[in-house]
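The figures that follow rest on heavy atoms only: side chains count, while hydrogens, waters and symmetry mates do not. Naming convention: chains lettered A, B, ... in sequence-line order (proteins, then strands); numbering from 1 in each chain.
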2 protein chains.
Amino acid sequence: MLAAMTVAHQVVAAYWAAAEARDWDTFGDLLAEDVVYQAPQTREQVRGRDAYLRFNAEGFPGDWHLAVDRIVAQDRQAASWITFSGQDGVQPGLCFFDLDGKDRIARIFDFWPDPYDIPVNRAHLVERY
Amino acid sequence: MLAAMTVAHQVVAAYWAAAEARDWDTFGDLLAEDVVYQAPQTREQVRGRDAYLRFNAEGFPGDWHLAVDRIVAQDRQAASWITFSGQDGVQPGLCFFDLDGKDRIARIFDFWPDPYDIPVNRAHLVERY
């Protein structure tokens, strides 16, 4: 159980390092052949390693960089919080991952939370930072 | 290390169960006295157990329910993905947690990703689900 936890953390750290380096060979080696990516906010889905490599290599044009804020991993699951810096500014990106029995990434759930205004009904209960 | 991992998972599971039950006594017992909550999308911040209890008990009016999709925990950190159902519909909620040395929740980072349209530059690389 401890070994699997460590592997999942390392795999997700390697995944983000490969993306930042545009090292798509290494990135692809971390993926299950039948990997499934879903983005619940847009209901986007990408199935399979080849399609997912294309999505990453071609779907995000322009110069961008990412920095990992934290990775939390347990058994064959992990969550990551990154900061993505691109042509539209700086934004947090949150992912949940499932690894398969070969320690390859089999499922990715990807979230990009945008800024929004504080609802009036709770504005008196908070401060700003 | 394994024990701490399990505790963080249990604490976050208990946190969401107490919120769903509106059991604010149990909810408060899970929090550090100097807990700090931050919502990066709105830059909201709430400091201290009492203020954070008020924020939860009073800041979300109307009937609402939540279901835990997954919790991932490692050492004194955890991430959760819940589905929140309220008067404005159904929405995913994502949190990252830090526990202190007494296994109480000391930091909460809270994200509410809203739906958005698929950017045109990657629409040809995905399907919808």
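- Between F111(B) and W81(A), the ring planes are perpendicular. Angles over 60° get that label, and only those under 30° would be called parallel.
- A single hydrophobic cluster is not seen to contain both F60(B) and F109(B); linkage of ILVMFWY side chains at heavy-atom distances under 4.5 Å, directly or through other members, places them apart.
- With a threshold of 4.5 angstrom between heavy atoms, Q91(B) does not approach chain A through any atom at all.
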Quiz: residues 16-23 of chain A side-chain donor-acceptor pairs under 3.5 angstrom, not counting sequence neighbours:
| residue | atom | partner | partner atom | Å |
| --- | --- | --- | --- | --- |
| W16(A) | NE1 | S80(A) | OG | 3.0 |
| E20(A) | OE1 | L66(A) | N | 2.8 |
| E20(A) | OE2 | H65(A) | ND1 | 2.6 |
| R22(A) | NH1 | E20(A) | O | 2.9 |
| R22(A) | NH1 | W64(A) | O | 3.1 |
| R22(A) | NH2 | W64(A) | O | 2.5 |
| D23(A) | OD1 | T26(A) | N | 3.1 |
| D23(A) | OD1 | T26(A) | OG1 | 3.2 |
| D23(A) | OD2 | T26(A) | OG1 | 2.7 |

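- P92(B) touches chain A through its side chain: at least one heavy atom from C-beta onward sits under 4.5 Å away, while N, CA, C and O do not.
- Dense packing is recorded around CZ of R107(A), with more than 12 heavy atoms of other residues, nucleotides or ligands lying under 6.0 Å away.
- By the criterion of side-chain heavy atoms lying less than 4.5 angstrom apart, applied directly or through intervening Ile, Leu, Val, Met, Phe, Trp or Tyr residues, V36(A) is not grouped with V11(A); the two fall into different hydrophobic clusters.
- Residue pairs meeting the salt bridge (Lys or Arg N to Asp or Glu O under 4.0 Å) criterion with at least one partner in residues 86-98 of chain A, sequence neighbours excluded, are D98(A)-R70(B).
- Under a 4.5 Å side-chain heavy-atom criterion applied to ILVMFWY residues, the cluster that includes V90(A) comprises that residue alone.
- Considering only heavy atoms from C-beta on, F96(A) comes within 4.5 Å of L94(B) through its side chain.
- For the atom pair CD1 (I71(A)) and CD (Q77(B)), the distance works out to 10.5 Å, reported to the nearest 0.5 Å.
- With a 6.0 Å radius and a threshold of 12 heavy atoms from other residues, nucleotides or ligands, E58(A) has its CD atom above the threshold.
- The interface of residues 112-129 of chain A with chain B, defined by heavy-atom distances below 4.5 Å, comprises W112(A), P113(A), D114(A), P115(A), Y116(A), D117(A), I118(A), N121(A), R122(A), L125(A), V126(A), E127(A), R128(A), Y129(A).
- Under a hydrophobic clustering in which Ile, Leu, Val, Met, Phe, Trp and Tyr are joined whenever their side-chain heavy atoms come within less than 4.5 Å, directly or via other members, V72(B) and F97(B) fall into different clusters.
- Neither the backbone nor the side chain of Y37(B) comes within contact range of chain A, judged by heavy atoms closer than 4.5 Å.
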